[in-house]
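Everything below concerns the one structure shown next.
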Amino acid sequence: MIVVQLFLEFTLLSFVAFGGATALLPEMHRVVVEQQHWLDASTFTHLYAIAQAAPGPNVLVVTLIGWEIAGLAGALATTLAMCLPMSVLIYLLIDRWESFAGRRWQKAVSLGVAPLAVGLIFSGATLIAQAAGLGWRGGLLVVAIMVLNLRTRWHPLWFIAAGALLGLSGWL
């Protein structure tokens, strides 16, 4: 029964996945942690961290959540629910959407979705930051990394190494 519930919950989530699975973190958290109590906030945050550390798409967090809740069946249910419904819908509608190319309303919809995705991703980042209990030093590191990432062409591995060293040194 829980596998069916997982499938239904994540199917609904898939229809608002503007910006990918990361943009849905607050809503996934609300459903999985606050509403259904399938996971606690700490486990949810750890699963997200594992998904981000692993190579592959961001949707991996959905698979890990399903796995943690209901094993292999849960992993398959959540992953299929997140990917399959919208894939089928897009497949069925893409020709129709393309026939409206260049129309004012289509451009408006496309432009309107971009800030929506940014806002959803920012709210997800805020949720993870709050759950991680960053403190003022962690917040300072987030801002510093954001500024450096925008102003330099340093490889992200340097930022990860710096964070790891600061954590090992006890600064964080």
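Taking all atoms of both residues into account, the shortest heavy-atom contact from I121 to A23 is CG1-CB, 3.8 Å. Between T11 and F15, the closest heavy-atom pair is O-CD1, 3.1 Å. Between L172 and G163, the closest heavy-atom pair is CD1-O, 4.2 Å. Summarising the geometry of V3 relative to A70, their closest heavy-atom pair is CG2-CB, 4.0 Å, with the distance given to 0.1 Å. Smallest separation of non-hydrogen atoms from A21 and V62: CB-CG2, 4.2 Å.
Residues Y48 and L60 fail the side-chain proximity criterion, which asks for heavy atoms closer than 4.5 Å. Side chains of L166 and R137 form no contact here, defined as non-hydrogen atoms less than 4.5 Å apart. The closest side-chain heavy-atom distance from W97 to I90 is not below 4.5 Å. At least one side-chain heavy atom of M28 sits under 4.5 Å from a side-chain heavy atom of F44. Counting only heavy atoms from C-beta outward, the side chains of R96 and S99 approach each other to under 4.5 Å. In this structure, the side chains of W154 and N149 stay at 4.5 Å or more apart for every pair of heavy atoms. With contacts defined as side-chain heavy-atom distances shorter than 4.5 Å, the pair L47/L39 qualifies. The shortest distance between side-chain heavy atoms of Q35 and E9 falls below 4.5 Å.
One distance of note links CD1 of I50 with OG1 of T43; it measures 9.5 Å at 0.5 Å rounding. In this structure, OG1 on T78 lies 7.5 Å from CD1 on I69, to the nearest 0.5 angstrom. Residue T45 holds its OG1 atom at 10.0 Å from CD of Q130, rounded to the nearest 0.5 Å. Taking CG from L25 and CG from L127, the interatomic distance works out to 6.5 Å, rounded to the nearest 0.5 Å. From M82, atom CE reaches atom CG of L24 across 5.0 Å, with rounding to the nearest 0.5 Å.
For S42, the side-chain contact (heavy atoms from CB on, under 4.5 Å) partners at least two apart in sequence or on another chain are D40, H46. By the side-chain hydrogen bond (donor to acceptor under 3.5 Å, both in side chains) test, E27 pairs with R30, sequence neighbours left out.
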Practice task
Step by step, work out the side-chain contact (heavy atoms from CB on, under 4.5 Å) result for L13 and F10.
Solution key: CA-CA 5 Å; L13 288 172; F10 279 85; 3.9 Å; yes
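In the displayed structure, F122 atom CZ is contacted under 6.0 Å by at most 12 heavy atoms of other residues, nucleotides or ligands.
In summary, the aromatic rings of W67 and W38 are positioned with their centroids too far apart to meet the 6.0 Å limit.
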